[in-house]
*Asks:* 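One structure is given below, represented as structure tokens, and several questions about it will come after.
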Amino acid sequence: MIAEEILPWYDKHARELPWRLSPRQKRANPNVLYADPYRVWLSEIMLQQTTVATVKGYYEKFLASWPTVNDLAKEDLDNVLSAWAGLGYYARARNLHKCAKVVADELGGVFPDTEEGLLKLPGVGPYTAAAIAAIAYDRPATVVDGNVERVIARYYALEDPLPGVKPQMKECAQQQTPYERAGDYAQAMMDLGATICTPRSPGCVICPIQTACLARKSGIAESLPKKAPKKEKPTRRTYAYLFLSDERGALLRRRPEKGLLGGMTEVPTGDWVKQGDAVRNPELDHLAQWTELEGVVKHTFTHFHFEITVLTSKISQNLDGIAEAVQGAWAHKTEFSGLALPTVMKKILRHADYI
DNA sequence: AATACGTGGAC
DNA sequence: TGTCCAAGTAT
């Protein structure tokens, strides 16, 4: 069994993380057995497809701004999106806020303490439900994230490729899940995957579960888990129209509620063409006199490359009429920190030397 | 089942 | 520079 080897290792080597009650802390505070479910939930949502290093700062900021789920539930969505700006996968922030409202308004501010109950919450899928159940409530839930998949694939030498092999991985992981210390075990597995059983150059020689690891025995650890080949990313192109006023700043607007960068703030752009050169937008063109900046802003999203040619125009008249025409609002650069500006939009503003 | 959905760091 | 990858979820 993995647990017998990995729990003693975790007791010695657990990383100190802002959202984690370390084994040492647990011993020091025997009355506080498990972590605050709100903090576990907040950290787990942030950690979805996002590195620990990136999450730390955001987590501290959120916890300072909204110490409880009730505080978060009362906040305006736009302020949550602003605090989330730069972290990516913005549906997480929209679901985070929606979930906080559900917990505050319908569940008395208390998170469900079962996988089944947690799974019903917006933004909480199989991984996160299991993680909260295990870490916050010490329930013997089987936590399977990318780390656990890698550890299990190697431990059992599962050579079939992802994602097809996932059910088999889940089954193997389930076999290993202990009834005692399930929260520590889950975190130990993830720590092991993050620090020793890494994608490249795994540290098999110092691994606490090396003895029974079949992939290590066969010398194929680094090649597992196998993955289906990736598809090539297409390149989309557009023009960004940066209206600038000496008095009132830049003209920005809110993106549609759903989809890419949903609800976030943007510089107005033309269509994002899926093939060929960017196309000018006649309706935006005729609102001002445009200067095309040198170079192109490049940004890569999950499933496409993006190239933006930036146009700027100095506006001194009819500021409100233009704002109305683009369904936007003027914002001083001093106010940008309070806006929900995603990284790609900051790149555009930076390219125009405006931030 | 397959695709949409961000970003920054490592190599 | 390009590719891979990170504590996945929703549809």
Side-chain angles (χ1 to χ4, degrees), chain A residues 15 17-20 35 39-59 81 84-96 98-99 118-136 141-151 162-164 166-167 170 173 183 185-195 197-201 222 225-236 255-264 266 272 274 298-306 340-347:
Chain A
R15 292 181 291 172
L17 300 172
W19 47 85
R20 171 179 289 177
R39 300 185 187 202
V40 174
W41 164 74
L42 179 61
S43 66
E44 290 300 342
I45 300 298
M46 288 184 167
L47 285 163
Q48 290 168 5
Q49 297 290 286
T50 310
T51 58
V52 165
T54 302
V55 164
K56 278 183 179 169
Y58 284 88
Y59 174 81
L81 289 176
W84 197 276
L87 196 51
Y89 284 141
Y90 298 101
R92 291 185 297 171
R94 303 195 296 275
N95 284 142
L96 184 86
K98 193 186 296 181
C99 182
L118 290 160
L119 204 45
K120 292 177 183 164
L121 299 173
V124 176
Y127 160 76
T128 305
I132 298 172
I135 298 169
T142 300
V143 175
V144 183
D145 74 331
N147 289 306
V148 175
E149 285 179 351
R150 189 166 54 254
V151 171
L162 286 168
K166 279 186 185 224
K170 174 90 180 192
Y185 171 78
Q187 294 176 89
M189 288 289 277
M190 294 191 280
D191 270 20
L192 185 71
T195 62
C197 195
T198 48
R200 285 169 296 216
S201 309
E222 188 161 10
K226 293 183 178 165
K227 298 190 175 182
K230 304 234 178 350
K231 287 175 183 170
E232 197 173 329
K233 288 180 168 78
T235 299
R236 296 190 198 174
R255 287 181 58 79
E257 209 58 39
K258 293 186 173 181
L260 187 71
L261 310 178
M264 302 296 285
E266 71 169 357
W272 299 15
K274 296 185 175 176
K298 294 189 179 189
H299 187 80
T300 299
F301 290 108
T302 312
H303 52 299
F304 64 93
H305 300 292
F306 194 29
L341 278 171
T343 298
V344 63
M345 296 302 158
K346 285 185 174 165
K347 281 189 186 176

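Residue numbering restarts at 1 for every chain, and letters A, B, ... go by the order of the sequence lines. Quick note: numbers below take in every heavy atom, side chains included, and nothing from hydrogens, waters or symmetry partners.
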*Asks:* Of the nucleotides B/dG8, C/dA10, C/dA6, which one has an atom closest to the side chain of A/Thr343?
*Replies:* B/dG8
*Asks:* Kindly indicate whether the side chain of A/Tyr89 and the base of B/dG6 share any N or O donor-acceptor pair separated by less than 3.5 Å?
*Replies:* yes
*Asks:* Check every atom of C/dA6, C/dG8, B/dT7 against the side chain of A/Thr128 and return the nucleotide holding the closest atom.
*Replies:* C/dG8
*Asks:* If you take atom types as modelled and just measure distance, does the side chain of A/Arg92 reach the base of B/dA4 with a donor-acceptor pair under 3.5 Å?
*Replies:*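 It does not, because no donor-acceptor pair links the side chain of A/Arg92 to the base of B/dA4 below 3.5 Å.
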*Asks:* In whole angstrom, what separates A/Leu42's CG from C/dG8's C1'?
*Replies:* 16 Å
*Asks:* Measure the CH2-CG distance between A/Trp41 and A/Leu96 for me, rounded to the nearest 0.5 Å.
*Replies:*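 It comes to 3.5 Å.
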*Asks:* A/Arg150 side chain to A/Asp145 main-chain N or O, any donor-acceptor pair under 3.5 Å?
*Replies:*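 Judged by distance alone, no pair lies under 3.5 Å.
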*Asks:* Nearest nucleotide by nearest heavy atom, which residue falls closer to the 5' end of DNA chain C, A/Ser43 or A/Leu121?
*Replies:*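 Mapping each residue to its closest nucleotide by heavy atoms, the 5'-most match is A/Ser43.
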*Asks:* Looking only at the side chain of A/Thr51 (C-beta and beyond, no hydrogens), which of the listed nucleotides C/dA6, C/dG8, C/dA7 gets closest?
*Replies:* C/dA6
*Asks:* Establish, for the pair A/Arg236 and A/Phe304, whether the NZ or CZ atom is under 6.0 angstrom from the six-membered ring centre and no further than 45 degrees off its axis.
*Replies:*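 Judged by the rule (NZ or CZ under 6.0 Å from the ring centre, within 45° of its axis), A/Arg236 counts as positioned above A/Phe304.
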*Asks:* Is there a side-chain polar atom (N or O) of A/Gln49 under 4.0 Å from OP1 or OP2 of C/dG8?
*Replies:* yes
*Asks:* Given the P atoms of C/dT9 and B/dG8, what is the spacing between them in whole Å?
*Replies:*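 That atom pair is separated by 22 Å.
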*Asks:* How far does the P atom of B/dA2 sit from the matching atom of C/dA7, given to the nearest Å?
*Replies:*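 Pairwise P distance, B/dA2 against C/dA7, rounds to 23 Å.
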*Asks:* Are A/Lys230 and C/dC5 close enough that a side-chain N or O sits under 4.0 Å from OP1 or OP2?
*Replies:* yes
*Asks:* Given atom CG of A/Leu162 and atom C1' of B/dA1, what is their separation to the nearest angstrom?
*Replies:*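 Those two atoms, CG and C1', are 15 Å apart.
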*Asks:* Counting side-chain heavy atoms from C-beta on, which of C/dA7, C/dC5, B/dT7 comes nearest to A/His299?
*Replies:* B/dT7
*Asks:* If we ignore angles and hydrogens, is there a donor and acceptor under 3.5 Å between the side chains of A/Gln48 and A/Tyr127?
*Replies:*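 Per modelled atom types, A/Gln48 and A/Tyr127 side chains form no pair under 3.5 Å.
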*Asks:* Which comes earlier along DNA chain C counting from the 5' end, the contact point of A/Val124 or that of A/Asp191, where each point is its nearest nucleotide?
*Replies:* A/Asp191
*Asks:* Ignoring hydrogens and angles, does a donor from either the side chain of A/Thr54 or the base of B/dG8 sit under 3.5 Å from an acceptor on the other?
*Replies:* no
*Asks:* With a 4.0 Å cut-off on heavy atoms, is A/Trp84 in touch with a base, just the backbone sugar-phosphate, or nothing at all?
*Replies:*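 The answer is nothing, as A/Trp84 stays clear of every strand by at least 4.0 Å.
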*Asks:* For A/Pro126, answer base if it contacts any base atom (sugar-phosphate contacts may also be present), sugar-phosphate if it contacts only those atoms, and nothing otherwise; contact means non-hydrogen atoms under 4.0 Å.
*Replies:* sugar-phosphate
*Asks:* Considering only C/dC5, B/dT7, B/dG6, which nucleotide approaches the side chain of A/Thr302 most closely?
*Replies:*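 The listed nucleotide nearest to A/Thr302's side chain is B/dG6.
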*Asks:* Within the 4.0 Å heavy-atom criterion, would you say A/Arg94 contacts the bases, only the backbone, or no part of the nucleic acid?
*Replies:*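 A/Arg94: no heavy atom of the nucleic acid under 4.0 Å.
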*Asks:* When you match A/Leu341 and A/Pro163 each to their closest nucleotide on DNA chain B, which lands nearer the 5' end?
*Replies:* A/Pro163
*Asks:* Report which part of the nucleic acid A/Leu17 touches: base, sugar-phosphate, or nothing (heavy-atom distance under 4.0 Å, all strands).
*Replies:* base
*Asks:* Measure OH/A/Tyr59 against C1'/C/dA7 and give the value in whole Å, please.
*Replies:*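 Computing the A/Tyr59:OH to C/dA7:C1' distance gives 14 Å.
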*Asks:* What is the separation between atom CG on A/Leu118 and atom P on C/dT9, rounded to the nearest whole Å?
*Replies:*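 That distance rounds to 12 Å.
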*Asks:* Just checking, is any N or O donor in the side chain of A/Lys233 or A/His305 under 3.5 Å from an acceptor N or O on the other one?
*Replies:* no
*Asks:* Establish whether the base of B/dG6 is bridged to the side chain of A/Thr50 by a donor-acceptor pair shorter than 3.5 Å.
*Replies:*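 Result: at least one qualifying N/O pair found.
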*Asks:* Output yes when A/Asp191 and A/Arg20 qualify as a salt bridge under the 4.0 Å nitrogen-oxygen rule, no when they do not.
*Replies:* yes
*Asks:* C/dA6 C1' sits how many Å from A/Leu87 CG, rounded?
*Replies:* 12 Å
*Asks:* By the 4.0 Å heavy-atom rule, please label A/Gly193 as base, sugar-phosphate, or nothing.
*Replies:*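 Nothing, no heavy atom under 4.0 Å.
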*Asks:* Between B/dG9 atom P and A/Lys56 atom NZ, what is the distance in whole Å?
*Replies:* 14 Å
*Asks:* Between A/Lys347 and A/Phe304, which has a closest nucleotide on DNA chain B that is more 5'?
*Replies:*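 On the 5' side of the pair lies A/Phe304.
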*Asks:* Are A/His303 and A/Phe301 near enough that their ring centres are under 6.0 Å apart?
*Replies:* no
*Asks:* For A/Lys231 and C/dT3, what is the distance between atoms NZ and C1' respectively, to the nearest whole Å?
*Replies:* 18 Å
*Asks:* Output the single nucleotide from B/dG8, B/dA10, C/dA6 whose closest atom is nearest the side chain of A/Arg200.
*Replies:* B/dA10
*Asks:* In whole Å, what is the span from the CZ atom of A/Arg255 to the P atom of B/dA4?
*Replies:*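 The distance from CZ of A/Arg255 to P of B/dA4 comes to 15 Å, rounded to the nearest Å.
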*Asks:* Nearest to the side chain of A/His303 - B/dG6, C/dA7, B/dC5?
*Replies:* B/dC5
